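Every chain is numbered from 1, with letters handed out A, B, ... down the list of sequences. Small disclaimer: the values here were computed from a predicted structure and weren't measured.
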There are 2 protein chains.
Amino acid sequence: MFMKIEALNKTDNRGLQNDIISKIRDHINYKNLEPGDKLPSERMLSEKFEVSRSAIREAIQSLEFYGILESIPQSGTFVAKLGVTALNGMINEILNLEEPDFKSLVETRILLELKTVRLAAQRRTEEQLKHMKQALDAYTEKALLGEDAVQEDLLFHLAIAKASGNPSLNTLMLIITPEIITNFEKYHVCGDDQTFKGIEEHKSIFEAIKNKDVQKSKELMKVHFKSLYKYCYNVDL
Amino acid sequence: MFMKIEALNKTDNRGLQNDIISKIRDHINYKNLEPGDKLPSERMLSEKFEVSRSAIREAIQSLEFYGILESIPQSGTFVAKLGVTALNGMINEILNLEEPDFKSLVETRILLELKTVRLAAQRRTEEQLKHMKQALDAYTEKALLGEDAVQEDLLFHLAIAKASGNPSLNTLMLIITPEIITNFEKYHVCGDDQTFKGIEEHKSIFEAIKNKDVQKSKELMKVHFKSLYKYCYNVDL
DNA sequence: AAGGTTAAACTGGTTTACCAGATTGGTTTA
DNA sequence: TAAACCAATCTGGTAAACCAGTTTAACCTT
């Protein structure tokens, strides 16, 4: 499906897959396929491109993830209701996608979280509040023991994203968070001094969401990330 | 040929896949697999869960996309360097993901674009500027002819995202944009009156990025989306 | 008994064969 | 003539066999 920020970059596969994707694009252009038209069958394509049908299927799945193609069982694979221009542009962008670096991930996460926390403060239900409280308690308990609480930290933030009531934002958060976490672990970003400060910050963020104080929740999250960002890069945000 | 591209049978497939994913999660918990540990082979899992190996592979690919698993050829599938807690939390979130609705997509797009335009104004290279100009010209030309220029509109915005110099943001934009576009087409959101206003707005945004006027670029983008949002929902942003 | 060697087994990936439902075009029927 | 029907065909999906590295462990050598 995606694809895929992480799953694509198996350097082995990516070369071949990108090759197939560009060939599919070329075919669509050559045959002047219009939105909604049917692509040749997987068998035909695999013969035409002289690659295995599996490889074709994989490439199609990637393009399905971006909403460019759609496979319908026992019927065929269809190009989305995008025009040829948009389709070409999108495929080219996808083929030229750079691998996200840690800094851009953090930058994106901060952006997303400043939004999710505001939306959560506006829209959170009682049940979502309860869920956030549980995540907060789990985090606090672990942090107070002096143990590494990166995971519980993450889950608290994901609980906020969930409470934002925006499935799209929630999905994007889920996509980038694991990469952030693994990088955190890799570079040992989080220091012990951050842990205790984190407890207070998390608690205050939770309170702001509970009180539906939109502005305050955002400010607190900003502060929360400010110290983190500074710790990572030795520069102010 | 008027084929309907609707994802109906996906529900069936997704149900099975989610079922397998939760079983994998349960297995990891039951066996107390730690970060970096190896999952049973695909054959074992397919036998254990009584599903086809293809289905297992598909589920694993999904989890790979979210960075939770990693398959290594001729070796095995390994759980990411996330702790058990984070892993459980993430999988549960993934299983409970809601399908994004149009409004949440627009909300997310506005958020992302207000950021990409600011970053583009800061970081754009001359080459990226040239790329944006091309997209802008293509849009203007088509819009002036009174034709539907949704695709060219989209490509201009994607060019901005590219110029933001943030691959992560760029990827997220590519993920949500097609869905937005198809919804636009479906609901016929864009009116003709919007087109000519759009030309001026796009041009002024481009100029702001060219002049590296960060604040102005953001303000202009805000206005650009304001009218759009208002048009969509009959409410102010 | 320890270390090196090798072959059998096990792995994810790939190819091949098969399946059930959708499509299609010719035939039948009103 | 046109609508209805039906079987041959074509489709993506699925299952099973096969492949090429990797891992493992038994075996031989020292």
Side-chain angles (χ1 to χ4, degrees), chain A residues 1 3-4 6-21 23-24 27-28 31 33 36-65 67-80, chain B residues 1-21 23-24 27-28 31 33 36-65 67-80:
Chain A
M1 295 64 342
M3 213 147 156
K4 310 181 170 188
E6 180 65 29
L8 268 184
N9 54 19
K10 300 167 121 198
T11 36
D12 313 342
N13 272 351
R14 189 170 184 181
L16 175 61
Q17 192 157 329
N18 279 357
D19 197 41
I20 295 173
I21 288 176
K23 278 176 181 166
I24 290 177
H27 179 88
I28 291 174
K31 294 282 183 180
L33 294 189
D37 277 2
K38 190 161 79 172
L39 223 60
S41 70
E42 296 176 351
R43 288 169 184 82
M44 295 265 207
L45 289 176
S46 78
E47 193 178 345
K48 184 179 168 74
F49 299 159
E50 292 179 337
V51 295
S52 72
R53 197 181 146 202
S54 316
I56 296 283
R57 281 178 63 79
E58 216 170 311
I60 288 177
Q61 276 183 336
S62 293
L63 291 176
E64 268 192 289
F65 168 69
I68 289 178
L69 295 179
E70 172 136 4
S71 279
I72 297 180
Q74 286 84 40
S75 178
T77 302
F78 301 82
V79 303
Chain B
M1 49 173 71
F2 46 99
M3 306 295 179
K4 276 210 169 170
I5 299 188
E6 299 291 343
L8 357 128
N9 59 339
K10 240 174 197 174
T11 25
D12 295 354
N13 226 338
R14 193 159 199 182
L16 175 62
Q17 191 159 323
N18 279 357
D19 196 41
I20 295 174
I21 289 176
K23 278 177 180 165
I24 290 177
H27 178 88
I28 291 174
K31 293 284 183 179
L33 294 189
D37 278 1
K38 190 161 79 173
L39 222 59
S41 71
E42 296 176 352
R43 287 170 184 82
M44 303 257 296
L45 289 177
S46 78
E47 194 178 346
K48 184 179 169 73
F49 299 158
E50 292 179 337
V51 294
S52 74
R53 200 184 142 200
S54 314
I56 297 283
R57 281 179 62 79
E58 213 171 313
I60 288 176
Q61 276 182 336
S62 292
L63 291 176
E64 270 192 290
F65 166 67
I68 288 177
L69 295 179
E70 173 154 7
S71 278
I72 297 179
Q74 285 84 41
S75 178
T77 302
F78 300 83
V79 304

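- In this structure, the separation between NZ on A:Lys31 and CG on A:Asp37 is 12.0 Å, given to the nearest 0.5 Å.
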Check: protein-nucleotides 19-26 of chain D nitrogen or oxygen pairs below 3.5 Å:
| residue | atom | partner | partner atom | Å |
| --- | --- | --- | --- | --- |
| D:dT22 | O4' | B:Gln74 | O | 3.4 |

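- Taking atom CZ on B:Arg53 and atom P on D:dA16, their separation rounds to 12 Å, with Å as the unit.
- Summarising the geometry, the separation between CD on A:Glu50 and C1' on C:dT14 is reported as 17 Å, rounded to the nearest angstrom.
- Between B:Arg57 and C:dG13 there is a side-chain N or O to OP1 or OP2 distance below 4.0 Å.
- Separating the CD atom of A:Gln61 from the P atom of C:dG13 is a distance of 13 Å, rounded to the nearest angstrom.
- Atom CD of B:Glu58 is separated from atom OG of B:Ser54 by 8.0 Å, given to the nearest 0.5 angstrom.
- As rounded to whole Å, 11 Å separates atom C1' of D:dT11 from atom CD1 of A:Ile72.
- Side-chain atoms of B:Met44 and B:Lys48, non-hydrogen and from C-beta on, never get closer than 4.5 Å to each other.
- Atom CG of residue A:Leu63 and atom OG1 of residue A:Thr77 lie 10.0 Å apart, to the nearest 0.5 angstrom.
- In this entry C:dA30 has D:dT1 as its Watson-Crick or G-U wobble partner, both defining distances falling under 3.5 Å.
- Judged as a side-chain contact (heavy atoms from CB on, under 4.5 Å), and not counting sequence neighbours, the contacts of A:Ser46 are A:Arg53, A:Ile56.
- With C:dT11, D:dG12, C:dG13 as the choices, the nucleotide that has an atom nearest any side-chain atom of B:Ser41 turns out to be C:dT11.
- The separation between A:Ile56 atom CD1 and C:dT14 atom P is 13 Å, rounded to whole Å.
- In this structure, B:Ile60 atom CD1 and C:dT11 atom C1' are separated by 12 Å, rounded to whole Å.
- Put simply, CD on B:Gln17 is 12 Å from P on D:dG13, counting in whole angstrom units.
- Listed by chain and number, the residues in a side-chain contact (heavy atoms from CB on, under 4.5 Å) with A:Lys23 are A:Asp19, A:Phe49 (sequence neighbours excluded).
- Toward the 5′ end of DNA chain C lies the nearest nucleotide of B:Leu39, the other residue of the pair A:Val51 and B:Leu39 mapping further downstream.
- The interatomic distance linking B:Met44 (CE) with C:dA9 (C1') rounds to 13 Å, in whole Å.
- Taking OG of B:Ser71 as the start and CD1 of B:Ile60 as the end, the distance is 5.0 Å to the nearest 0.5 Å.
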